[in-house]
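Right, one structure below, let's go through it.
Please read these numbers as outputs of a predicted model, since none were measured by experiment. Chain letters run A, B, ... following the sequence lines, proteins first, then strands; residues in each count from 1.
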2 protein chains.
Amino acid sequence: MDAIDQRIVSCLVTDARSSYAEIGGAVGLSAPAVKRRVDKLLDMGVLRGFTAVVDPEALGWGTEAFVEVHCRGNIPPSEIRGRLEPLPEVVAAYTVSGAADAIVHLRAANIHHLETVLERLRGLDIVDRTISTVVLSTLLDRPPTPEH
Amino acid sequence: MDAIDQRIVSCLVTDARSSYAEIGGAVGLSAPAVKRRVDKLLDMGVLRGFTAVVDPEALGWGTEAFVEVHCRGNIPPSEIRGRLEPLPEVVAAYTVSGAADAIVHLRAANIHHLETVLERLRGLDIVDRTISTVVLSTLLDRPPTPEH
DNA sequence: TGTGAAAACGTCCTGGA
DNA sequence: TCCAGGACGTTTTCACA
């Protein structure tokens with residue numbers, strides 16, 4: 001993972017469908033050399049894959065919320081994960097420091113759908129109570145880059 | 001935006017570097033037909049682009065936090081955005097309902113780096129106070145899919 | 001790591017349902 | 001209007017130096 005690898009990752013984060021020749025031109029390497037490095041980065045797990053960036057609004061996921069989840073008793077993270085994974089509206093979830101056991105990032109079609117999801121979340125027997133924060137607008141959303 | 005478009009988007013979310021022929025095989029269309037639909041989806045803004053999924057740990061961004069930001073007085077969202085955008089450690093930011101003016105998602109190299117970033121955040125003249133929640137582990141992290 | 005060749009792919013254009 | 005098929009230039013992907 002040297003400086004050239006970092007620049008290759010930057011290129012792919014900017015556009016995952018750019019050709020090896022293009023990337024090579026940007027970093028000063030031939031296309032096969034770039035491919036070998038990309039394969040290695042995938043193998044090492046630095047690159048996990050390539051995905052399309054979609055507009056959630058256009059797909060009918062216009063409403064977002066962050067939910068602090070407080071669990072009953074001592075629930076291991078794997079248990080929380082197992083309960084959240086079947087809910088398609090959960091796009092991300094974290095265990096956190098502080099009073100809450102987890103922060104859950106939800107995406108729903110609208111406020112009504114969000115309410116239904118929150119009810120299902122509260123209905124889980126591991127969940128004691130939840131504190132919801134509805135997202136009004138997204139100010140910023142960008143992928144992490146290799147350079148600081 | 002019909003059922004075939006949704007499946008094309010799903011394919012691209014799963015692997016943004018798959019070929020048009022591969023996608024065509026999955027959805028029952030020829031490669032040129034898939035390309036035309038992808039071009040249209042890009043044009044409509046449903047697809048915003050294609051990016052590499054990187055492992056933040058591998059890039060030296062091992063520490064994450066969510067920060068509730070409370071501003072002084074009435075600050076418009078565009079002003080908040082403008083102040084957060086220059087900070088590379090801010091990976092996402094939202095205006096939200098409730099007492100806080102914004103929720104900021106931070107990524108830092110380590111706890112010490114995180115502390116520095118929090119200080120810079122608190123140093124902004126628009127910021128009154130902040131409440132930080134450090135992420136201990138990521139339970140789930142997945143892109144939004146077209147189907148419910 | 002770069003070079004070169006073969007196979008696969010992207011990207012047009014044209015005909016047909 | 002939207003799709004399949006074909007042609008041509010490009011890219012991927014290998015072997016070898």
- When you list every nucleotide of DNA chain D with an atom under 4.0 Å from a heavy atom of chain B, which one comes first 5' to 3', and which comes last?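 Using the under 4.0 Å cut-off, the span is dC3(D) to dT12(D).
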- Message: Between P on dT1(C) and NZ on K40(A), what's the gap in Å once rounded to a whole number?
- Response: 7 Å
- Query: Could you go step by step and tell me if R48(B) and V54(A) meet the side-chain contact (heavy atoms from CB on, under 4.5 Å) rule?
  - Reply: CA-CA 6 Å; R48(B) 287 192 184 152; V54(A) 300; over 6 Å; no
Nearest 0.5 angstrom please: [X] [atom1] to [Y] [atom2], how far?
| X | Y | atom1 | atom2 | answer |
| --- | --- | --- | --- | --- |
| T116(B) | I111(B) | OG1 | CD1 | 11.0 Å |
| L139(A) | R83(B) | CG | CZ | 13.5 Å |
| T138(A) | E57(A) | OG1 | CD | 8.0 Å |

- Message: Using modelled atom types and a 3.5 Å cut-off, is there a donor and acceptor pairing between side-chain atoms of R142(B) and backbone atoms of V90(A)?
- Response: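 The answer is yes, because a donor-acceptor pair under 3.5 Å joins these two groups.
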- Query: Are the side chain of R122(A) and the backbone N or O of V127(A) linked by a donor-acceptor pair below 3.5 Å?
  - Reply: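 No.
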- Item | Test side-chain contact (heavy atoms from CB on, under 4.5 Å) applied to L12(A) and T14(A), step by step | CA-CA 5 Å; L12(A) 287 170; T14(A) 305; over 6 Å; no
- Charged N to carboxylate O below 4.0 Å: is that the case for R120(A) and E89(A)? yes
- Query: Salt bridge between D2(B) and R7(B), side-chain N to carboxylate O under 4.0 Å?
  - Reply: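 A salt bridge is absent here (no side-chain N lies under 4.0 Å from a carboxylate O).
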- Tell me which residues in residues 3-14 of chain A put a heavy atom below 4.0 Å from DNA chain C, sorted by number, or none. none
- Item | Exercise: identify the closest heavy-atom pair between I80(A) and C71(A) | CD1-SG, 4.1 Å
- Item | Axis deviation across the helix from dT1(C)-dA17(D) to dA17(C)-dT1(D), five-pair ends, to the nearest 10° |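 Angle reported: 30°, given to the nearest ten degrees.
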- Which ILVMFWY residues can you reach from I103(A) by hopping between side chains whose heavy atoms are under 4.5 Å apart? F66(A), Y94(A), V96(A), V135(A), F66(B), Y94(B), V96(B), I103(B), V135(B)
- Pair S10(B), T145(B): side-chain N/O donor-acceptor within cut-off below 3.5 Å: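 Result is no, nothing qualifies.
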Polar atom pairs between nucleotides 11-17 of chain C and protein, under 3.5 Å, N or O only, would you list them?
none

- Message: Using a 4.0 Å heavy-atom cut-off, does S19(B) contact any base of the nucleic acid, only the sugar-phosphate backbone, or nothing at all?
- Response: sugar-phosphate
- If a pair satisfies salt bridge (Lys or Arg N to Asp or Glu O under 4.0 Å) and one of its residues is in residues 92-118 of chain B, list it, with sequence neighbours excluded.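 As it turns out, the salt bridge (Lys or Arg N to Asp or Glu O under 4.0 Å) pairs with a partner in residues 92-118 of chain B, which skip direct neighbours, are E64(B)-R107(B).
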